[in-house]
*Asks:* 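Got a structure for you, written out below as structure tokens; questions coming shortly.
So you know, we letter chains A, B, ... as the sequences are listed, proteins then strands, and number each from 1. Because the structure is a prediction, the values reported are computed rather than measured.
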Amino acid sequence: MATNTTTGTQVPSKGGFPAFKVETFGSQLLWLAIAFGLLYYLMSRHIAPRIGGILEERSGRIAADLAAAQSMKAEADAATASYEKSLAEARANAQAIAAETRAKINGASDSERKSLEAKLAADLSSSEAKIAEARTAAMGNVRSIAVDATHAIVERLAGAKAEAARVEAAVDAALKH
Amino acid sequence: MDPVAAKFLGAGLACLGMGLAAMGVGNIFGNFVAGALRNPSAAAGQFTNAIVGAALAEGLGIFALVVALVLLFVV
Amino acid sequence: MADPIKQFELVHLVPLKIGGADFGFTNSALHMFIAVGVTAAFLLLTTTGRNLVPGRLQSMAELSYEFIAGTVRQAAGTEGMKFFPLVFSIFMFVLFGNLIGMIPGAFTVTSHIIVTAALALLVITTVIIYGIMKHGTHWFALFAPAGLPKAILPVIVVIEVISFLSRPISLSLRLFGNMTAGHIALKVFAGFAVAMVGAGAVGIAGATLPIFMITALTAFEFLVAVLQAYVFTILTCIYLNDALHPGHH
């Protein structure tokens, strides 16, 4: 590896440590400035914006997707809530209707039953009255029959007509027992 | 003493500094690992500090190396 | 034994002189352009599709982008993102400079102190200029932490100024030293192996030891190459944070 340095002014180096050779600094600085300047230009103009753009786009996309998913979930939640609400409403409605119907039916049958009972009670009392009448009538008949029979019995046994007032008194006394 | 011999002796002595810097770096990472074993969850956040500390400690060892190189090649 | 320093020699590929000074196109310059080319190819060609669902290569490009963006945000806040192209350029340049240097026969751009120093000075100059542009004289509060007693303030200011000025030095020397030391170590062990092979059958058997060492060191050097690029980047971010938020230590 020949170190064919083209310098005439080079310090007559006794080997020397290459990194400490001041005469090489100018060239290295120049080319470092050019190379690093090029890298910095590429980095600030092309590389950093591009990769940063890719990453930003990706994170933006992910954030947007997440937001969309969030809003969809919220929508679904709202739909579920409204469904549950309408379901509850329907259930309440149904219960109300059922209760109303039951009340109506109960009321109707109650009034029917009451009128029926009243009618039955009226029938019963009128029947009782009739029976009592019939009974008094029958009792009256019994007395007159008994009186007639007493008259006939007395006439046949005694051969004489019995006194009406005494017969009636005797029949009454007998009926009382 | 022969100046050339003194130069080489000086360079060798300067390199002792690198060994001492090695002790410093080992101390930093040893303590880092000991701390990391005690509290592993905090270790990740302190790794950068460990690296920076090691770099600073090592830099002083590198000074010793540069002194040795200067003694060997420049003086 | 082969000279382990030889790998750092600059070779002129295209001589160029401006006003007597040497500005020739060297192997170092060639490898700088290779690093820039690989970076651009890696980041541009993989993302031409702009796919919403990334493939493997696009995923790698995006991962490196996200990694550096996360580092910048963590160290310098969201405002630090305006320096993102600079930080990403530095990371990629240093990373591929280091990694391409690991190819046998290739030149390691970052093993030259002038290159790392130029990058470090670029960072520090950016910090100073942007800090003064944005905060004016308030930026100098960086050197005088709030809530200190007046008596020790001068001492602290001197220490802070020295600490600030030593940043580019340590930043550049760390990268340079790591790369240089690693490559020298690799070449030294390789030299051992070569020298032992020359010593007959026993030497050939013994040469396996340094070859194992080279293998281990090569793996270690790949780690160092990536780690030093990251360290350079994170320290850059921390220093840029001083330009953005001077009072917050």
*Asks:* Output the option from G37(C), S111(C), S89(C) having the highest count of non-hydrogen pairs under 4.5 Å with chain A.
*Replies:* S89(C)
*Asks:* Which atoms of S28(C) are under 4.5 Å from chain A, going by heavy atoms: the side chain, the backbone, both sets, or neither?
*Replies:* side chain
*Asks:* For chain A, which of T46(C), I90(C), L30(C), V109(C) has the most heavy-atom pairs under 4.5 Å?
*Replies:* I90(C)
*Asks:* Against chain A, work out which of I18(C), I113(C), V53(C) has the most heavy-atom pairs shorter than 4.5 Å and name it.
*Replies:* I113(C)
*Asks:* Heavy-atom distances under 4.5 Å only: say whether F25(C) touches chain A with side chain, backbone, both or neither.
*Replies:* both
*Asks:* Which one wins on heavy-atom pair count under 4.5 Å against chain A: F84(C), F88(C), Y65(C), F93(C)?
*Replies:* Y65(C)
*Asks:* Do any of residues 109-139 of chain A have a heavy atom less than 4.5 Å from a heavy atom of chain C, and if so, which, in residue order?
*Replies:* none
*Asks:* Once you round to the nearest 0.5 Å, how far does CD of Q28(A) lie from CG of D22(C)?
*Replies:* 10.0 Å
*Asks:* How about P18(A) and I5(C): do any of their side-chain heavy atoms sit closer than 4.5 Å?
*Replies:* yes
*Asks:* Say you draw a straight line from CD of E9(C) to OG1 of T24(A); how long is it, rounded to the nearest 0.5 Å?
*Replies:* 9.5 Å
*Asks:* Tell me which of these, L86(C), T180(C), L119(C), has more heavy-atom pairs under 4.5 Å with chain A than the rest.
*Replies:* L86(C)
*Asks:* Mind checking which of residues 31-69 of chain A sit less than 4.5 Å from chain C, heavy atom to heavy atom?
*Replies:* W31(A), L32(A), I34(A), A35(A), F36(A), L38(A), L39(A), Y40(A), L42(A), M43(A), S44(A), H46(A), I47(A), A48(A), R50(A), I51(A), G52(A), I54(A), L55(A), E57(A), R58(A), R61(A)
